[in-house]
Amino acid sequence: MCGIVGAVAERNVVAILLAGLQRLAYRGYDSAGLAVSGEALERRRVEGKVERLAELLAERPLRGQTGIAHTRWATHGVPSKNNAHPHWSEGDIALVHNGIIENHEALRQSLSEQGYVFNSDTDTEVIVHLIHRYYQQTQDLLSAVQESLKDLEGAYALAIICRQEPERLIAARRGSPLVLGLGIDEHFIASDASALLPVTQRFIYLEEGDVVAMQRQQADIYDADGKRVEREVHTSELQADAVERGEYRHYMLKEIFEQPSALAATLEGRLQGQCIDPDLLGEGSAELLKGIKAVQIVACGTSYYAGLVASYWLESLAHIPCHVEVASEFRYREPLASPDTLFITISQSGETADTLAALEYAKTLGFDNTLSICNVAESALVRASDWALMTHAGPEIGVASTKAFTTQLLVLLLLSTVVGRLQGRLSADKETDIVQALRKLPHDCERMLEQHQAVTELAQTFADKQNALFLGRGVHYPIAKEGALKLKEISYIHAEAYPAGELKHGPLALIDADMPVVAVAPNDHLQEKLKSNLQEVQARGGQLLIFTDHKASMPSSDYVTVIEVGAVNNISSPILYTLPLQLLAYEAALIKGTDVDQPRNLAKAVTVE
Ligand code: M6R
């Protein structure tokens with residue numbers, strides 16, 4: 001969470017910093033600020049979004065050739081101007097931070113005793129005073145920062161400037177991402193490369209413990225031991241407009257409609273005629289996949305639901321036992337590891353703190369083969385895993401995950417099929433059927449998206465509602481969960497999902513005219529069972545909204561609205577049925593008037609525990 005941008009250039013960097021913050025706003029958006037160094041340090045901070053900072057800067061402009069900026073997602077201290085970054089010490093050192101300093105209380109006490117006055121409730125403020133204290137001894141910003149880092153426990157990405165060294169910016173990372181952008185006689189730093197695309201496409205992804213000393217013409221990187229190191233330079237193929245909203249009203253809508261192309265890009269190069277490339281994870285991976293006896297999946301939020309869907313596929317197609325768990329639970333219990341279990345993490349960002357910690361924990365437990373399914377190639381999760389299976393969804397900016405989820409499902413289906421084939425448990429004919437369904441998938445998604453108007457009308461049901469139930473059975477139960485999460489996340493309507501067979505074990509008591517029930521009802525072997533469950537709802541005056549195939553013969557009536565999504569292949573139906581649920585959440589949020597792309601209290605990448 002929190003977005004950081006910094007720059008050292010010959011030109012005025014304020015516009016670059018502001019544009020960078022706007023591109024990072026998905027990381028946190030409760031307050032924002034910017035500081036520049038010159039003869040004096042100057043800063044502007046606001047409570048609220050980056051747009052307010054832009055307004056303030058229009059009223060009270062700043063100029064500078066070295067600067068840092070921040071958009072915040074509050075952890076310690078409420079969202080307020082006082083708690084907004086940059087924080088500073090004695091007007092000499094200014095700093096922005098992403099992460100959490102765990103020993104901040106002890107440091108605060110010790111620094112207070114030494115006379116430092118704290119002006120915020122943040123954990124961050126201790127770092128800036130600490131650096132100031134060391135600066136008194138070293139008179140050198142780089143060594144003051146390096147000394148301070150030794151005293152910190154926790155996670156950080158930092159960018160620091162100093163009044164006495166106005167042409168220098170120091171940045172450091174441990175546990176939170178930071179990328180160095182290389183320009184011509186100018187250097188940049190950011191939490192995410194997308195922030196810097198308008199100014200450079202050449203990046204160095206800093207490693208754990210790295211500290212970088214940046215000036216206009218030079219950027220020196222030091223590793224955790226203080227040794228000067230060279231790091232690989234990457235050229236991004238992303239265009240600056242890949243993270244722009246274009247003609248769409250919201251990023252979320254754009255990303256929903258990008259799904260046909262995101263799925264096609266994710267499929268590219270992975271099919272060989274009627275088969276899937278057995279070396280799906282890269283050279284030599286077929287050997288690994290042939291030998292695995294079980295799968296443990298760990299993830300958070302929407303990525304966790306992708307894992308739940310995969311457990312149905314891995315068990316039915318590959319006959320491999322699969323256990324799925326949320327990362328924040330897995331990391332604090334004592335799971336049993338076995339060396340022939342494949343440990344899979346799933347994450348859009350590859351930065352999620354709980355998922356990263358679960359992966360590190362799994363390694364210590366003896367999970368010897370780790371695979372990450374991820375959308376960001378340079379992320380910490382990918383780097384920390386033995387194998388990676390990339391989704392090619394492109395940047396996802398809306399806080400609500402959409403195209404990342406469906407592309408995760410796609411690669412999990414590929415993986416389940418490959419494991420089934422390699423282990424001799426899935427026939428060649430079945431693989432051919434799956435490949436054919438996958439080739440049609442982008443087109444089938446386009447057809448699904450044609451339901452937009454019908455879904456928009458359906459969303460009116462939620463105009464005066466505060467609660468909703470989502471039902472599904474089998475592999476569509478996790479899809480119902482994802483539908484409920486989407487709705488609650490962006491419309492703030494309380495929504496829960498149940499396997500439809502569980503209704504009469506409790507939730508049926510909630511059914512009345514104020515509780516819309518959304519059913520995911522594809523034409524599969526469980527449809528008749530589901531229909532009986534829906535009768536139970538209808539008999540109790542509940543309002544049913546049913547997504548189903550045209551063959552289902554479920555007529556609309558006074559309390560039943562049926563949306564027929566057309567014929568859908570059984571194997572790809574979890575992916576396809578996700579789309580109308582995303583649209584439903586989106587349209588309900590529009591009716592409720594919420595902030596769709598930046599819903600309250602949330603941020604895109606959850607880099608703190
Ligand atoms: O980047 P990750 O996939 O690891 O993120 C996990 C969750 O934080 C994320 O899926 C979250 O639940 C989304 N906002 C849901 O739309």
Side-chain angles (χ1 to χ4, degrees), residues 1-2 26-29 73 176-177 191-192 194 250-253 255-256 259 262 297-310 324-331 344-359 371-382 384-385 388-391 393-409 411-412 470 478-493 495 497 578-579 581-586 588-589 594-609:
M1 347 275 273
C2 301
Y26 69 90
R27 297 181 70 91
Y29 33 82
W73 185 86
S176 299
S191 306
D192 180 333
S194 65
H250 293 99
Y251 279 108
M252 182 181 178
L253 190 63
E255 287 156 7
I256 290 173
Q259 286 175 108
I297 298 180
V298 168
C300 301
T302 286
S303 298
Y304 166 69
Y305 296 148
L308 288 182
V309 174
V324 192
E325 193 166 354
V326 288
S328 54
E329 285 299 312
F330 179 90
R331 64 181 287 195
I344 304 180
T345 50
I346 308 175
S347 173
Q348 186 286 128
S349 60
E351 282 182 38
T352 304
D354 281 321
T355 309
L356 273 165
L359 170 60
L371 162 68
S372 68
I373 290 179
C374 192
N375 196 36
V376 182
E378 303 79 17
S379 63
L381 197 70
V382 170
S385 305
L389 181 53
M390 300 310 301
T391 52
E396 191 181 69
I397 306 295
V399 164
S401 190
T402 52
K403 59 179 181 170
F405 178 66
T406 46
T407 53
Q408 286 167 351
L409 292 183
V411 295
L412 286 161
F470 282 66
I479 299 304
K481 287 176 89 65
E482 169 61 5
L485 176 62
K486 284 295 87 94
L487 187 69
K488 74 180 120 187
E489 186 177 23
I490 58 168
S491 73
Y492 315 150
I493 293 170
T578 300
L579 275 57
L581 299 183
Q582 295 168 343
L583 287 169
L584 184 64
Y586 175 77
T594 56
D595 189 340
V596 172
D597 283 332
Q598 298 179 343
R600 70 184 177 201
N601 306 339
L602 300 179
K604 182 75 182 160
V606 185
T607 57
V608 294
E609 188 177 352

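Atoms within each ligand, like the ligands themselves, are counted from 1 in listed order.
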the protein heavy atom lying closest to atom 5 (O) of ligand 1 turns out to be Thr352 OG1, 3.5 Å

min-distance protein heavy atom vs atom 10 (O) of ligand 1 -> Thr302 N, 3.1 Å

With nothing but distance in play, are any N or O atoms of Gln408 less than 3.5 Å from an N or O of ligand 1? no

Counting only heavy atoms closer than 4.0 Å, does ligand 1 sit against the backbone of Lys486, its side chain, both, or neither? side chain

Is there a donor-acceptor contact under 3.5 Å from the side chain of Lys486 to the main chain of Ser401? yes

Atoms of ligand 1 under 4.0 Å from any heavy atom of Ala400, numbered from 1 in the order shown, are 16 (O)

Is Tyr304 reaching over with its side chain to a backbone N or O of Ile346, donor-acceptor style, under 3.5 angstrom? no

Any nitrogen or oxygen of Lys604, side chain or backbone, less than 3.5 Å from one on ligand 1? no

What protein heavy atom lies closest to atom 13 (C) of ligand 1? Include the residue and the distance to one decimal. Glu489 OE2, 3.4 Å

Positive for side chain to side chain contact (heavy atoms under 4.5 Å, CB included) with Ile344, one of Ile297, Leu359, Leu389: Ile297

Closest protein heavy atom (residue, atom, distance) for atom 6 (C) of ligand 1: Cys300 O, 3.4 Å

Closest protein heavy atom to atom 1 (O) of ligand 1, given as residue, atom name and distance to 0.1 Å: Ser349 OG, 2.7 Å

With no hydrogens and no angle check, just 3.5 Å: does a side-chain donor-acceptor pair link Asp192 and Tyr26? yes

Side chain or backbone, does Val399 bring an N or O within less than 3.5 Å of an N or O on ligand 1? yes

Among all protein non-hydrogen atoms, which one is nearest to atom 8 (O) of ligand 1, and what is the separation to 0.1 Å? Val606 CG2, 3.9 Å

For Ser303, counting its heavy atoms only, list the atoms of ligand 1 lying under 4.0 Å from any of them. 2 (P), 3 (O), 10 (O)

